[in-house]
Amino acid sequence: MEALHVVGVFDLETTGVDVRADRIVTAHVGVLDARGLVLRARDWLADPGVPIPDGAAAIHGVTTARARAEGRQATEVVAEVVAALRELFDAGIPVVAYNAPYDFSLLKYEAIRHGVAPILSPSPVIDPLVVDKAFDRYRRGKRTLEMVAAHYAVTLDAAHEASADAVAAGRVAQALATRFAPQLPPSLDELHTSQIAWARAQAASLTDYFIQIGRLEADETLDGSWPIR
């Protein structure tokens, strides 16, 4: 695969896990060099316009009071995050997002909500969660960013801060590119296309497992769309 000399990184912290209904609280878009050092970085704190549930605040540390006092208008934040990502994609820079369908889908619905033209087909995207599962399918243990970062010896000092998570995900992507270089597709575009198929297969496999253990009904399926739903 093409060497990851420069990668974009993207992460959101939000009011919850429903990509259609929940809102952005913090965001990070940055660029890493080939060594994983930060070349550019931008962070946003938004007032989401709705109360931040205590459970979400406990994860990322931003309370409703803080967001209202220090956060910028959500419309401005959403527009600027979309613009920052468009700039990277337009330059042909791949954007790393861990569990990409969550962040890109939530951003899409936020953009629609605030009258901002959404990014409907982000590309090229690198999702370390999908790539790790594809090449180390049978490794035991959880596939949270914290666990996967530790497996690839990537430091994650402040988990669930958008900036820390984004940078760690970018460094995990670079570690994966080094570890599995001979097996990876030869270009970023081909890697992007391969991840679409890998994510679909991973969702189908997880669907079968959840049906077996009774977590899903026989007629239910998990959405394997990638990198956006």
Which value, rounded to the nearest 0.5 Å, describes the distance between [X] atom [atom1] and [Y] atom [atom2]?
X: Arg86; Y: Ile119; atom1: CZ; atom2: CD1; value: 5.0 Å
X: His28; Y: Leu12; atom1: NE2; atom2: CG; value: 11.5 Å
X: Arg179; Y: Leu184; atom1: CZ; atom2: CG; value: 12.0 Å
X: Asp103; Y: Leu107; atom1: CG; atom2: CG; value: 8.5 Å
X: Arg23; Y: Thr15; atom1: CZ; atom2: OG1; value: 7.0 Å
X: Asp47; Y: Ile52; atom1: CG; atom2: CD1; value: 7.5 Å

Above 12 or not: heavy atoms from other molecules or residues under 6.0 Å from [atom1] of [X]?
X: Glu217; atom1: CD; value: no
X: Asp90; atom1: CG; value: yes
X: Gln73; atom1: CD; value: no
X: Arg215; atom1: CZ; value: no

Are any non-hydrogen side-chain atoms of [X] and [Y] less than 4.5 angstrom apart?
X: Phe104; Y: Val19; answer: no
X: Leu45; Y: Arg66; answer: yes
X: Pro124; Y: Phe89; answer: yes
X: Glu13; Y: Asp165; answer: yes
X: Pro94; Y: His192; answer: no
X: Val125; Y: Gln195; answer: no
X: Val29; Y: Leu88; answer: yes
X: Leu145; Y: Pro128; answer: no

Shortest non-hydrogen contact from [X] to [Y]?
X: Val96; Y: Ala169; value: CG1-O, 3.4 Å
X: Ala46; Y: Ala74; value: CB-CA, 4.4 Å
X: Tyr102; Y: Gly16; value: OH-O, 2.7 Å
X: Gln202; Y: Ala134; value: NE2-N, 3.4 Å
X: Ala56; Y: Thr14; value: CB-O, 3.7 Å
X: Pro122; Y: Pro227; value: O-CG, 3.7 Å

Any side-chain to backbone donor/acceptor pair from [X] onto [Y]? Under 3.5 Å, distance only.
X: Arg113; Y: Arg20; value: yes
X: His114; Y: Val116; value: no
X: Gln174; Y: Asp33; value: yes
X: Thr207; Y: Ala203; value: yes
X: Arg72; Y: Val77; value: no

- Item | Single hit among Asp136, Asn99, Asp132 for side-chain hydrogen bond (donor to acceptor under 3.5 Å, both in side chains) with Arg143 |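 The option that passes is Asp132.
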
Are [Y] and [X] connected into the same hydrophobic cluster when the rule is that any two of I, L, V, M, F, W, Y join if their side-chain heavy atoms are below 4.5 Å apart?
X: Val78; Y: Val50; value: no
X: Ile24; Y: Val82; value: yes
X: Ile211; Y: Ile213; value: yes
X: Leu222; Y: Leu129; value: no
X: Val148; Y: Val130; value: yes

- Task: Check the pair Phe135 / Leu176 against side-chain contact (heavy atoms from CB on, under 4.5 Å), numbers first and verdict last.
- Result: CA-CA 9 Å; Phe135 288 98; Leu176 287 163; over 6 Å; no

- Query: Side chains of Asp189 and Ser187: is there a donor and an acceptor less than 3.5 Å apart?
  - Reply: no

- Output, in order, the C-alpha distance, side-chain angles, deciding distance and verdict of side-chain contact (heavy atoms from CB on, under 4.5 Å) for Trp198 and Lys133. CA-CA 9 Å; Trp198 296 341; Lys133 284 183 176 179; over 6 Å; no

- Message: Does Val38 form a side-chain contact (heavy atoms from CB on, under 4.5 Å) with Leu32? I'd like the steps, not just the answer.
- Response: CA-CA 5 Å; Val38 176; Leu32 307 183; 3.8 Å; yes

